[in-house]
Amino acid sequence: MEESKGRVCVTGGTGFIGSWIIKNLLQDGYSVNTTERSNPDTGIPSGFIPQAS
């Protein structure tokens, strides 16, 4: 596996633009962390980023 270029934190990563930024960072070899807001009604995270494996 390729060595990571570094770690990046993307706020708003579960939104439309943030998810594309994360996709590009991962493709470029960065390690990415993001924040995820819970739905206030259910307490369940409301983002749409699929879990990477």
Side-chain angles (χ1 to χ4, degrees):
M1 188 168 161
E2 186 178 311
E3 186 96 11
S4 175
K5 290 184 177 180
R7 183 172 299 274
V8 178
C9 181
V10 178
T11 60
T14 59
F16 181 77
I17 295 171
S19 64
W20 280 98
I21 291 171
I22 290 173
K23 178 184 176 193
N24 287 320
L25 286 167
L26 290 171
Q27 288 175 341
D28 288 342
Y30 289 90
S31 177
V32 179
N33 286 13
T34 190
T35 57
E36 185 172 11
R37 189 182 324 196
S38 296
N39 181 322
D41 296 328
T42 64
I44 299 172
S46 56
F48 60 88
I49 295 177
Q51 183 174 353
S53 52

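Treat the numbers as computed from the prediction; the structure is a model and nothing was measured.
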Fill in the blank from the handout: Output for pair (Asn33 CG, Ile22 CD1), nearest 0.5 Å, gives 9.0 Å
Problem - Separation between CZ of Phe16 and CD1 of Ile21, rounded to the nearest 0.5 Å - result: 11.0 Å
Exercise for the section: Just jot down the side-chain contact (heavy atoms from CB on, under 4.5 Å) partners of Ser31, sequence neighbours excluded, or say none. Expected result: Ser4, Arg7
Exercise for the section: Would you confirm whether Thr34, through its side chain, and Val10, through its main-chain N or O, come within 3.5 Å as a donor-acceptor pair? Expected result: yes
